[in-house]
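Encoded as structure tokens, the structure appears first; notes follow it.
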Amino acid sequence: MVYDEHFIEIFRSGCRQGAECRRGADCGQDEGLGQGDSCRRGSGVRLTREFALTAAHCLKDRELKGLDLVMLRLSDGKQAMGKVHDHDRRSDLALLNLAFAEGEDVRLPRVCFDDARQDEEWKATHQPPDTDDVLTGSVADVSYEYGDPEKGVNVCALRLNCHVSMDDYTKFAGSPVERGDPYRPAAVLGLIVKRHAGTVGDTVFAGTIREAVRQFDRFRFRIEELSRDLWPVAVRPYSVEAARTEQKLRSSAAVADALSRAGYDSMVTVYWIRR
């Protein structure tokens, strides 16, 4: 499942496609999409056709502010550009709006999301399609909270134990965390985010899709109708869909602008309904 349509990779802008990049050397400043880890900055998971989620610390300040575009590669090798729609540094989550040409044939990500269970196995990869570099472990805490409760700033994440300890987990930043049990339905449980200060050993953290929905009110949950013989009753997988399409957003903006110019913006509220 790690090679499905939901997986994206993020590259630094100004790198060149070529042997230098594939070998991990300095590939210069030519425009293009790098092929190697020297230009790769992280991964992400697509939520819908036009939106994806990644770790905010993978991106530069100008990208987080929406001033620069983000260079992406989809799981099929297609290049794309994205713009940060919103981000939250506490949870280390960033919501990307992917830009495609009008009428471009782009596959919808076919992926289910689910809530992690205590002690269940998980896996994460950092680079499709032919890599053995996979991070695995078990779920240590399904609702690890941090932040400042007195100020009402709470962030909920997964605390994960890794089977193998390593010095540098940065190459897995933004990588989808997927259920590792081959006898249970495949699903994405979250994505790798920045480790907290003072974290040592084999512990990493993952932002959950529910936390992203809570942080970014652009989305809502939709429970999937799934066959009982494949999905146990106790399992409640879900997908995420945008609350409003881009076309509706543009229409609402046009109406709001027209009302404002007519002097009715503070008096009239328009709700669009589908007929």
Side-chain angles (χ1 to χ4, degrees), residues 2-15 31 33-34 39-102 104 106-111 113 124-128 155 157 170-178 188-194 206-221 239-250:
V2 291
Y3 311 139
D4 209 343
E5 297 93 342
H6 68 275
F7 193 97
I8 63 171
E9 291 182 282
I10 299 171
F11 289 83
R12 71 173 179 85
S13 58
C15 61
E31 290 300 320
L33 185 62
C39 291
R40 190 182 174 284
R41 292 161 55 189
S43 304
V45 56
R46 288 177 63 197
L47 304 175
T48 68
R49 182 183 187 274
E50 298 177 340
F51 285 89
L53 199 65
T54 187
H57 79 274
C58 294
L59 307 176
K60 298 178 181 179
D61 286 341
R62 286 184 57 84
E63 293 169 333
L64 290 174
K65 294 176 182 177
L67 301 176
D68 289 343
L69 296 179
V70 181
M71 187 174 291
L72 310 170
R73 182 166 65 197
L74 307 184
S75 60
D76 59 1
K78 181 180 295 185
Q79 299 183 25
M81 302 300 290
K83 185 176 182 180
V84 174
H85 181 82
D86 201 353
H87 73 282
D88 179 72
R89 291 187 184 273
R90 294 183 299 271
S91 60
D92 194 33
L93 295 174
L95 183 64
L96 299 175
N97 191 175
L98 279 59
F100 301 109
E102 187 173 352
E104 183 177 358
V106 179
R107 279 195 257 178
L108 291 171
R110 294 175 296 177
V111 57
F113 303 98
T125 187
H126 83 284
Q127 172 179 298
V155 174
T170 57
K171 62 184 176 182
F172 289 98
S175 293
V177 173
E178 303 183 359
V188 171
L189 308 175
L191 70 159
I192 302 291
V193 293
K194 190 175 183 179
T208 65
I209 308 303
R210 285 194 185 275
E211 181 66 18
V213 170
R214 188 174 75 87
Q215 295 286 350
F216 313 127
D217 58 3
R218 182 73 173 75
F219 297 98
R220 62 184 174 86
F221 288 122
S239 66
V240 181
E241 61 183 12
R244 293 189 293 173
T245 65
E246 293 303 301
Q247 184 176 3
K248 287 181 180 179
L249 285 174
R250 287 193 294 268

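Bear in mind that the values here come from a model prediction, so they are computed numbers and not experimental data.
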- prompt: Can you tell if the side chain of Leu95 reaches within under 4.5 Å of the side chain of Leu47, non-hydrogen atoms only?
  reply: yes
task: Please examine the side chains of Val155 and Gln215, heavy atoms only from C-beta on, and report whether any two atoms are closer than 4.5 Å.
output: yes
query: Is it true that a side-chain atom of Arg210 and a backbone atom of Val213 form a donor plus acceptor pair closer than 3.5 Å?
result: no
Nearest atoms (heavy-atom pairs only) where Gly207 meets Val193: N-CG1, 3.7 Å
task: Supply the atom-to-atom distance Glu9 CD to Leu72 CG, rounded to the nearest 0.5 angstrom.
output: 10.0 Å
- request: List the steps and the verdict of salt bridge (Lys or Arg N to Asp or Glu O under 4.0 Å) for Asp61 and Arg89.
  value: CA-CA 11 Å; Asp61 286 341; Arg89 291 187 184 273; 3.0 Å; yes
- line: Only one of Ile209, Thr48, Leu53 passes side chain to side chain contact (heavy atoms under 4.5 Å, CB included) with Phe219, and that residue is Thr48
field: From Asp92 atom CG to Lys194 atom NZ, the distance as rounded to the nearest 0.5 Å
entry: 7.0 Å
query: Using the benzene-type ring in the case of Trp, are the ring centres of Phe51 and His85 under 6.0 Å apart?
result: yes
- request: Using a 4.5 Å cut-off on heavy atoms from C-beta on, say whether the side chain of Met71 contacts that of Arg41.
  value: no
field: Atom of Ala56, atom of Ala94 and distance for their closest heavy-atom approach
entry: CA-CB, 3.9 Å
field: Any side-chain heavy-atom pair of Val84 and Leu96 under 4.5 Å
entry: yes
Verdict with supporting geometry, Val45 and Phe7, side chain to side chain contact (heavy atoms under 4.5 Å, CB included): CA-CA 5 Å; Val45 56; Phe7 193 97; over 6 Å; no
- request: Check the pair Ile8 / Thr54 against side chain to side chain contact (heavy atoms under 4.5 Å, CB included), numbers first and verdict last.
  value: CA-CA 9 Å; Ile8 63 171; Thr54 187; 5.5 Å; no
statement: Between Gly42 and Cys58, the two heavy atoms sitting closest are CA-SG, 4.0 Å
- request: Find out whether Leu189 and Thr208 are in side-chain contact, i.e. whether some heavy atom of one side chain is under 4.5 Å from a heavy atom of the other.
  value: no
field: From Lys83 atom NZ to Asp68 atom CG, the distance as rounded to the nearest 0.5 Å
entry: 10.0 Å
field: Side-chain (Ser175) to main-chain (Thr125) donor-acceptor, under 3.5 angstrom
entry: yes
task: Evaluate the side chain to side chain contact (heavy atoms under 4.5 Å, CB included) criterion for residues Glu211 and Asp88: first the C-alpha distance (whole Å), next the side-chain angles of each, then the deciding distance (0.1 Å), finally the verdict.
output: CA-CA 11 Å; Glu211 181 66 18; Asp88 179 72; 5.7 Å; no
